[in-house]
Colleague: 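Before we start, here is the structure in question, set down as C-alpha cells.
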Amino acid sequence: EGLWAIPGLVDLHVHARTPGQEHKEDLESVSRAALEGGYTHILSMPNTEPPIDSPEVLEYVQSLAKDLPIYVFFAATLTKGRKGKEMVEMGILSRMGAKGFTDDGSWVEDDAVMLNLCAYASHFNCRIISHAEKSSLSTGFANYDLNTLKYGMKFRLPLAEELAVYRDCRMAEITGCQLHIAHISYHRSVEIVKKFKEMGVKVTCEVTPHHLIFSTENIDLYDPNFVCNPPIRDEENRKALLKALKEGIIDFIATD
Ligand SMILES: [Zn+2]
C-alpha cells in the first residue's frame with residue numbers, strides 16, 4: 001500500500017563521467033543511483049576524458065558496463081575530441097552499439113561540418129543528439145534579463161538555444177536525419193520543435209526535472225546548487241515547458 005508499480009525507467013541523458021572524471025561519478029555509482037530511482041536503462045554521454053570518439057574508447061567503456069545492475073548504453077561524440085571539426089567514424093561506432101552521437105557540453109558551431117554530420121547520420125540511420133546552444137551567446141551561467149546585459153555580466157542568452165535549435169531542425173529537415181534536442185529549456189525553442197514536428201521532420205526533445213520544477217522566482221540565486229547549464233529560467237517559461245510536456249511536444253524527461 002502506498003507504493004507504485006512502474007516499468008523500469010529509461011534516462012536518455014546521464015553523465016557517468018567514465019573514463020577520466022571518476023572523482024565526480026563512475027559507472028558503479030551512477031548505476032546504483034539509477035536503480036535506486038527506478039531506472040533500468042541509461043544512456044551515458046561521451047564528454048569524458050578522453051571523449052568516446054573512437055572504437056577503442058567505446059569498446060573500453062562497454063567492457064566496464066557488462067556486470068552492472070542496470071543496462072548502460074553509450075553515446076559517441078560527433079567530432080574527434082569534441083572539437084567540432086573532424087567527424088568520428090560514425091558507421092563503425094554505430095555498428096559497435098553507440099546509441100546516438102553528440103558533442104554534448106558543446107554545440108557544433110560550424111554549419112558546414114554539421115550539415116555533413118547530419119547527412120552521414122541520415123545515411124547510417126544514426127541519431128544526432130544536439131546540445132543546442134551557440135557558444136558566443138552563452139559565456140556565463142546566469143539566465144539573461146536586460147539587467148545582466150546592462151551591468152556587463154556574463155550570461156547564457158535563451159536566444160543561444162533558440163538559434164541553435166532552429167539551425168539543427170532545418171538541417172534535419174534537409175538531410176532527413178533523426179535529431180534529438182537535449183535539455184530544452186526555452187519556450188521559444190519548444191515552439192520551433194513543434195513546428196518542425198508538424199512538418200514531419202524526425203525531431204524529438206527532452207526536458208530536465210529541474211527545469212520543470214524550479215524557476216528564477218523560487219530559487220536562492222546565491223545557492224551554487226542551482227547553477228546548471230542551461231540555466232533555470234523564469235516562471236512563465238517553466239509553465240510553458242510543463243505544458244509542452246503534457247501536450248507531447250516534449251517527448252522525454254531526462255536528468256542530465
Ligand atoms: Zn548538454
Side-chain angles (χ1 to χ4, degrees), residues 10-18 20-21 24-25 30 34 42-53 61 72-79 81-84 88 98-110 113-114 117-118 121 126-144 154-169 171-172 178-186 188-190 192-193 203-212 214 225-233 237 241 245 250-256:
V10 179
D11 194 340
L12 285 183
H13 197 125
V14 173
H15 292 277
R17 307 290 181 196
T18 300
Q21 297 178 327
K24 294 183 181 177
E25 187 78 274
V30 80
I42 63 174
L43 180 64
S44 187
M45 293 295 112
N47 48 341
T48 50
E49 290 171 18
I52 305 174
D53 63 355
V61 287
V72 179
F73 298 97
F74 297 92
T77 64
L78 279 165
T79 65
R82 292 175 54 244
K83 292 195 166 71
V88 295
K99 306 283 184 207
F101 291 83
T102 178
D103 278 3
D104 190 35
S106 17
W107 185 59
V108 177
E109 300 278 342
D110 189 308
V113 170
M114 185 60 174
L117 289 164
C118 290
C126 298
R127 180 173 277 102
I128 289 182
I129 303 167
S130 176
H131 172 114
E133 194 175 46
K134 245 178 118 60
S135 65
S136 59
L137 298 176
S138 1
T139 51
F141 286 100
N143 182 50
Y144 166 85
K154 291 181 173 179
F155 49 76
R156 300 188 95 83
L157 208 62
L159 180 65
E161 182 181 286
E162 185 186 351
L163 294 176
V165 166
Y166 180 75
R167 186 204 69 177
D168 290 353
C169 285
M171 290 197 179
Q178 305 170 63
L179 172 69
H180 177 70
I181 307 290
H183 42 63
I184 206 161
S185 70
Y186 183 36
R188 291 184 69 143
S189 328
V190 174
I192 293 168
V193 169
V203 56
T204 53
C205 63
E206 74 193 26
V207 66
T208 73
H210 37 287
H211 288 98
L212 291 174
F214 301 115
N225 286 314
F226 291 108
V227 176
C228 59
N229 180 22
I232 303 295
R233 306 199 190 277
N237 188 77
L241 294 176
L245 179 70
I250 297 177
D251 304 86
F252 305 98
I253 299 173
T255 63
D256 191 9

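If you read the sequence from its start, that first residue is 1, and numbering goes on from there. These figures come from a predicted structure and were not determined experimentally. Numbering of ligands and ligand atoms starts at 1, following listing order.
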Colleague: Could you tell me if the side chain of R82 sits less than 4.5 Å from the side chain of P46, heavy atoms only?
Modeller: no
Colleague: Closest approach of S44 and V72, non-hydrogen atoms and distance?
Modeller: CB-CG1, 4.3 Å
Colleague: For distances below 2.8 Å, what is the count of protein N, O or S atoms around the Zn ion (ligand 1)?
Modeller: 3
Colleague: Does one side chain, of D104 or H13, offer a donor that lies under 3.5 Å from an acceptor on the other?
Modeller: yes
Colleague: With sequence neighbours left out, write down each residue that passes side chain to side chain contact (heavy atoms under 4.5 Å, CB included) with F226, or none if nothing qualifies.
Modeller: F214, I219, D223
Colleague: If only atom types and distance count, is the side chain of D103 paired as donor or acceptor with the main-chain N or O of H131 below 3.5 Å?
Modeller: no
Colleague: Under 3.5 Å, is there a donor on one side chain and an acceptor on the other for H15 and N47?
Modeller: yes
